[in-house]
Amino acid sequence: MDRSEIESKMVDLLVEELGIERDKIAMSSKFEEDLEVDSLGVVELLMALEDNFDVNIPDEEAENITTVSEAVDIVAAKLKG
Amino acid sequence: MDPKVVLVTGASRGIGRAVAEHFAARGHRIAINYATNEDAAAAAEAAVRAAGAEALSVAANVGDADEVAGMFETVGAALGPVEILVNNAGITRDDLMLRMKVDQWDDVITTNLRSVYLCSKAALRGMLRAKWGRIISVGSVSGLAGNPGQANYAAAKAGIVGFTKSLAKEVGSRGITVNVVAPGFIATDMTDALGEDVTAAAAERIAVGRLGTPQEVASVVGYLASDTASYITGQTIVVDGGLAL
């Protein structure tokens, strides 16, 4: 899966799982500040990423994710590795 | 009501078994956790099946992280994700404070409070996915009013109340409610151990004039687990026949 596919799937998940409006989402968007996702929402998104991409994201790494692009980075790294 | 997967910890006897039977009678699918008493668990499982419900017994020390993880895997594979969790498992190691050993303190805190953290955390993932869940922990009037000889037990049970309020605030917006049912004197093996004199003296202080039955606690747990109770969260419901008035 290349990066653009991960990005597009990520946007789908944000819309479906967290109910965010599609046109609000940019790769640079910050979850809490720009997208108004609360901290539990970020945890829920990570769970959805794990389910959908079949990867495991440990809590220590998850704590560093603040933007959509960082979430894409971590999924891309997991899929590679 | 659609059938839900219910996990009751410490369900081989007493209040836990009554809770398991209560949910069984409503057609839910029941996982019966027990620590060591295989015979009692088998009897509880038979009673749940007799009520027409699917049942599974799982041995696990609920104070142990690995055993709790294993239990949730077993239940998930056999019945599906836990939708209603009843944290009921509990022990007493009563003693006056000055005589209480560190082991007596640690054992009670581990089995009665650490277990609530471990099991609730394990159940939450599935509940968040489903955007629906019920976590009901069995507290005690001891944890609200205190009781001589039970500093360890009362601390654990009071701890459950604070835990419940915090978790209720974390997950309330996701369709998950978290509550405590706090029984007073209920006729079980745990209160039988106190002796007739103590229980007779207790009955005199109870407005209703008698000890409660496990079923009278189970029905409140059942109510809190229902869709009807969707606006009740973070609460401690006292079921004590008017003992702590």
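None of these values were measured; they are calculated from a predicted model. The sequence lines fix the lettering, A, B, ..., with proteins before strands; numbering per chain opens at 1. As a basis for the values below, the full set of heavy atoms in this structure was taken, side chains included, without hydrogen atoms, waters or symmetry mates.
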Decide if atom CD of B:Q215 counts as having more than 12 heavy atoms of other residues, nucleotides or ligands within a radius under 6.0 Å. yes

Mind checking the CD1-CG spacing from B:I176 to A:L40? Nearest 0.5 Å is all I need. 7.5 Å

Short of 3.5 Å, which donor-acceptor contacts do chain B and chain A share? List atoms and distances.
{"unit_1": "B:R125", "atom_1": "NH1", "unit_2": "A:E50", "atom_2": "OE1", "d": "3.3"}
{"unit_1": "B:R125", "atom_1": "NH2", "unit_2": "A:E50", "atom_2": "OE1", "d": "3.1"}
{"unit_1": "B:R129", "atom_1": "NE", "unit_2": "A:D51", "atom_2": "OD2", "d": "2.5"}
{"unit_1": "B:R129", "atom_1": "NH2", "unit_2": "A:D51", "atom_2": "OD1", "d": "2.9"}
{"unit_1": "B:R129", "atom_1": "NH2", "unit_2": "A:D51", "atom_2": "OD2", "d": "3.1"}
{"unit_1": "B:R174", "atom_1": "NE", "unit_2": "A:E44", "atom_2": "OE1", "d": "2.9"}
{"unit_1": "B:R174", "atom_1": "NE", "unit_2": "A:E44", "atom_2": "OE2", "d": "3.3"}
{"unit_1": "B:R174", "atom_1": "NH1", "unit_2": "A:D38", "atom_2": "OD2", "d": "3.2"}
{"unit_1": "B:R174", "atom_1": "NH2", "unit_2": "A:D38", "atom_2": "OD1", "d": "3.0"}
{"unit_1": "B:R174", "atom_1": "NH2", "unit_2": "A:E44", "atom_2": "OE1", "d": "2.8"}

